[in-house]
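Single-structure report; data block below.
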Amino acid sequence: MEPSGNQIIKLPALLVDQIAAGEVVERPSSVVKELIENSLDAGSSLIDVELEDGGKRLIQVTDDGQGIESSQLALALTSHATSKLKVAEDLHRILTLGFRGEALASIAAVATVEIASRTAGEDVAHRVQGSEGTIEIQSPIAMRPGTRVAVKDLFSAVPARRRFLKASSAEVARCSAALKGAALAHPTVGFSLTHDGRTVLKYPADQSLSGRISEVLGSEIGGRMIAVSGDDGVSGWVARPDLQRRNGDGIWTFLNGRPLRDRVLQHAVREGYRGFQIPGQYPVAVVGIELDPGEVDVNVHPSKLEVRFRNREDVHRKIRRAIRSALESAGSVPSLPLEDSALPDLIPAAGHVEMVSSDVNVERVVERGAPFGDPVACADPLITGSREALVERPNLVRDSVRVFQVRDSFLVLEEIDGLRVIDQHALHEKILYEKILVAREQGTLCQGLLVPEPVPLDPDQWSLFVEYKEALAELGLEAEEFGDGVALVRAVPQGFESSDPADLLREILVKFESVRSSGAAPPDLRERLLQTMACKAAVKAGQPLSPEAQEDLIQGREQAFQPWNCPHGRPSELFISWQELERRFDRK
Ligand SMILES: Nc1ncnc2c1ncn2[C@@H]1O[C@H](COP(=O)(O)OP(=O)(O)OP(=O)(O)O)[C@@H](O)[C@H]1O
Ligand SMILES: [Mg+2]
């Protein structure tokens, strides 16, 4: 009898593996991740990754780990075969990165996999090749102890998958990110990545975590990190709060040596920065937590990118506290470097001095609420913000013995502990910028005009206005089309009440010409608009300020989250302690 259309059959092994592969092997970077994890589990100290054509033609990972016995080689390619779990209880105490015994079999179901491996006790490397369900033993070759896994022609038999792959450069970028995560989690292991014969990344072995961070994230970021250490298994380095990003890509989190983009961990890091960073911005941080393996279930998703914590509030609190206390004890105002630079360079124009952070600032820790009212309620009911100690900057108006303006551009403050020079434009720009961001979070952005103002625009300005009026409205500058070539301004952002609405709109549009031609993406566009608005409304360099205006500005500085950088990231103030000044004059 002909089998009916809905007959149930047991799937052939290859199809089972191909289906399973769908969950683990999405693109070259997932293969890179799995192979690196295997090399790390094998105790390797050097791991080299080679790619050809974005990993589509070849992904090869070579390590110097313990290797696989020749008699076991074929098993390594078989599904549900692992050396990492023995009994059911092991599943609740996972100490290795892999444990499912699936990765190599899954990869072999959608590509050709060749393994060459030599253990310390063997003279040659034995080889095996797996492709579409068949396993073939090959002749031994000469090789140093360790394992080399080559994955060729990924998805050649699964064209639907192959079509989803991006251009080589994009796939290489993802592979780099996977390698960077592993490199940050294992700073003592050396890594390299080459693409079509060119070295893309290279990290030497035996690095400290801070050394590795400088390699991976760049020495400029590395030089601005603060150590995090807690008694509760939390460790790592977090960047000073003024180093901020528009997304979470700079937050690297780890659990027991496993890179993890976990929601709880990422959120905890951001919460640690609450009150130190402008709302809506993201920090740069490399933070890991060590937990008893029984406290966490890694067996949630085949790719192991998600985990389940037994007590996630506890994990969240530990990370949040460790970061907060690191930020508090380090303080955040930039000061002049203690070494280097000759005397005439002591207080050059802002922007020309390399700003470094130091702990010698005059900050005191006091109990106080967030400077802009209650912390915003968290989306996650289990994760609540708390009123914890916040670093308070000294009250400059009170503490300053004298304030005066020089070159109509800078404010010089003689303080109890030293001398501060403020770039008036940069500071005011930052104050206005933060005001808009905070008002936007609180929904109090717009200040309606009593009488809406019609603003005639020239054709260029008009076309920019028509294109960007929604984006402007989102930032509090509400205007509508009012006949041809005339915009009707109905509201301005809080803090901009004193500027002439017509001037504000026109100048923003003029400055925005260049942003349009650069073709910025929407979030970037909003950010640029915001910067332009703040820049436009801020006092200018060369503008004389009355003593009251100087005082207002300095008081605004006290309220700001990060007054020491302008929105473009340039420094807005310099500080030099009396002690340091005396040292420079050889008085101490
Ligand atoms: N680079 C390597 N060095 C030494 N042994 C390896 C290496 N790669 C794989 N193996 C061996 O092959 C086995 C199968 O690897 P595979 O990645 O398929 O599964 P796993 O790592 O045990 O679990 P998972 O599927 O979670 O990754 C491993 O358990 C290990 O014994
Ligand atoms: Mg594995």
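Whatever order the structure lists them in is the order used to number ligands and atoms, beginning at 1. FYI, the numbering just counts along the sequence from 1.
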Problem set entry | Option among Val31, Leu58, Val32 that satisfies the side chain to side chain contact (heavy atoms under 4.5 Å, CB included) test with Leu51 | Val32
Exercise. Atom CZ in Arg240, atom CD1 in Ile226: separation rounded to 0.5 Å?
Worked result: 4.5 Å
For this session: Please step through side chain to side chain contact (heavy atoms under 4.5 Å, CB included) for the pair Leu184 and Arg212, ending with a clear verdict.
Result: CA-CA 6 Å; Leu184 286 169; Arg212 180 55 61 89; 4.3 Å; yes
Problem set entry | Heavy-atom pair of closest approach, residues Arg270 and Gln281 | NH2-O, 3.2 Å
For this session: Please tell me if the side chains of Asp41 and Lys84 come closer than 4.5 Å, counting only heavy atoms from C-beta onward.
Result: yes
Exercise. In order of chain and number, which residues sit within 4.0 Å of ligand 1 by heavy atom?
Worked result: Glu34, Asn38, Ser39, Ala42, Asp63, Gly67, Ile68, Ala76, Ala81, Thr82, Ser83, Lys84, Gly98, Phe99, Arg100, Gly101, Glu102, Ala103, Leu104, Thr147, Lys304
Exercise. Can you find a pair of side-chain heavy atoms, one from Ser45 and one from Asp64, that are under 4.5 Å apart?
Worked result: yes
For this session: Apply the test side chain to side chain donor-acceptor pair (under 3.5 Å) to residues Ser192 and Asp48: give CA-CA distance (whole Å), side-chain angles for both, the deciding distance (0.1 Å), then the verdict.
Result: CA-CA 5 Å; Ser192 75; Asp48 297 316; 2.6 Å; yes
For this session: For His316 and Arg320, test the side chains for any donor-to-acceptor distance below 3.5 angstrom and give the result as yes or no.
Result: yes
For this session: Keeping waters out of it, list the protein N, O or S atoms under 2.8 Å from the Mg ion (ligand 2).
Result: Asn38 OD1
For this session: Evaluate the criterion side chain to side chain contact (heavy atoms under 4.5 Å, CB included) for residue pair Leu265 and Phe309; output intermediate values, then yes/no.
Result: CA-CA 10 Å; Leu265 302 184; Phe309 295 106; 3.8 Å; yes
